[in-house]
Chemist: 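Following this message is one structure expressed as C-alpha cells.
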Amino acid sequence: MAMAERNAPAIGLFNQKSLFCLFLTTSILFILSWFFVLRSTGHSHFIDHNLLPNSKLFALIDNGNSEPQSQSFNQPSITNGPVVIEEAPQENKLVDCNPNKVPLKVFMYDLPPEFHFELLDWKAEGKTIWPDIRAKVPEYPGGLNLQHSIEYWLTLDLLSSEFSDRSGARSAIRVHNSSEADVIFVPFFSSICYNRFSRVMPHQKRSKNKLLQEKLVRFLTAQEEWKRSGGRDHIILAHHPNSLLDARMKLWPAMFILADFGRYPQNIANVEKDVIAPYKHVIRNFVNDMSDFDSRPTLLYFQGAIYRKDGGFVRQELFYLLKDEKDVHFSFGSIQKDGISIASRGMHSSKFCLNIAGDTPSSNRLFDAIASHCVPVIISDDIELPYEDVLDYSEFCIFVRTSDALKERFLINLVRSIGRDKWTRMWTRLKEVEIFFRVSVPIKGG
Ligand SMILES: *[C@@H]1O[C@H](CO)[C@@H](O)[C@H](O)[C@H]1NC(C)=O
C-alpha cells in the first residue's frame, strides 16, 4: 500500500539515513514538480503519485528501496526496442526510510458484523462485533475468492495490532479515539460481498450486495468522522473490479483500495488519492527455489481465461503468434481449484510468465508469477502496479506494449534474446521482492 510522497511527518526523530532519504525524495519531488509543469495535461502515474494529499498514510508505511527510486520514475518501461532490461543497480539492498517505525494510527469503525466477518459465515455471539482472533481466525472462502482478500488481511492486521505480544512489523495500529487517528478505516468486505451476494434471492427486491452498500452510505455520511473530513481521510476497500459499484459514486472523496482503475471514471478514482493493492496469489510460493535458467524447461508460460472484449482479442492473437513455438506453454481456461497445483508446477518450471490484460488491466497472474519467481512479461498498457514508488518493476519484469507484442515474432525474439545472466539477475530480484506480496496474520516484516 505504500505510495509516493514522503514528506516525512516525524522529522525530529530521524537519523542520518532518514535525512538522506528525505533529501533524496525532496530532490525527486522537485524534479517531478518540474516535469509536472511541463506535462500537466499528460497522463503519467509517476507524477501523479507524488502529488498525493494523503501523505501521512504513505509516508509511514513506506519502507522501501530508496536507491533505485530515481530510476523507478522512468518505468514501467514499456519499450519499443527489442532489449528491455536495464542493468541492475550494483547496491540493491532495501533501504529503510522509516527506521523509527512510527506506526500509522488507524481508527476502525465498529461496523455491524453483517458488513465483514458474517459475510464469511462467522456468527457473532450476542453483541460482539469482532471475532476473537486469538481463539480462532475465521476463514476467508478459498479458490479464486482469495485474489481479492486484501480486505480480510488488513482488517485482521488492525485487530491484531492491539495484542501486546505482537511480533513483526507494526506499520499500523488501531486507536479507539478517532480524533487521534491519522486515517479512518471502513471494514466493509466489499469483494466477498460482491462474489457471494450479488444475486437477487426470490424473497428480495435487491441483492444483499446492493442493500449493504446503501446501508454503508447511510452509515458513513451520518458519522462525525465523515463530516469532519468530507470522507477524505477514510479508507474504503473495493479490490474486486465489480465491488462497491453503487456506493463508490457517493463515497468517492475517500481513498479506495483497488486492483486497478479499469472500471472507474477518473473523477471517482485516480492515482492522486487511491491505493493499488496486490492480488493475493493463488499459485503456491516457490519455497527453497534452487532452480536456475537451465533447469526451467519452459521458456514462456501463459494460462488464462479468454474474453470476448478487447483483452480477448490480444490473447487470441498472441496464441496464434506463439502456438508453434516448442518451449512455449499457452493455454486457455482460468485456473480452477484442482488446476492450481498443475499451474504451480507449470510456472515454477518456466523462465518467463505472460501477464496479458484481460477484461481489466490487472490480474492475479502477475502475482502468481512473482510467487513462482517466473519473470513476468507484462502486456497491459494501462496497468497500475502496487508499491510503484518503492519497487522498480523494470528490475524484475519485462514490459511490452500491446502494439509491439502483436508484431510478428517480436515477443518471441525479445524473450529469446534474454540470456542466462540477465534472467538470473531478474530471478534473484524476484526472490527479494516477493515479501512485498505476501500476506499473513499478523503481517510479518517487509
Ligand atoms: C480523543 O482525543 C482528543 C484529542 O486528543 C481528546 O481531546 C479527547 O478528549 C479524546 N476523547 C476521549 C473520549 O478520550
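Every number for a ligand or one of its atoms is a count from 1 in the order of the listing.
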Chemist: For atom 9 (O) of ligand 1, what is the nearest protein heavy atom, given as residue, atom name and distance?
Modeler: Asn177 ND2, 4.8 Å
Chemist: So, are Lys210 and Glu214 salt-bridged, with charged N and O less than 4.0 Å apart?
Modeler: no
Chemist: Is Glu114 salt-bridged to Lys208, going by a charged N under 4.0 Å from an acidic O?
Modeler: no
Chemist: Going by an N to O cut-off under 4.0 Å, is there a salt bridge joining Asp110 and Lys127?
Modeler: no
Chemist: Between Asp246 and Arg206, is there a salt bridge with N-O shorter than 4.0 Å?
Modeler: no
Chemist: Looking at side-chain heavy atoms only, is the closest gap between Phe399 and Asp404 below 4.5 Å?
Modeler: no
Chemist: Is atom 11 (N) of ligand 1 in close reach of the protein, with a heavy atom under 4.0 Å away?
Modeler: yes
Chemist: Looking at atom 5 (O) of ligand 1, what's its closest protein heavy atom, distance included?
Modeler: Glu180 OE2, 3.4 Å
Chemist: Identify, by atom number and element, the atoms of ligand 1 in contact range of Ser179, meaning under 4.0 Å from any of its heavy atoms.
Modeler: 2 (O), 3 (C)
Chemist: Would a search of protein heavy atoms around atom 2 (O) of ligand 1 find one under 4.0 Å away?
Modeler: yes
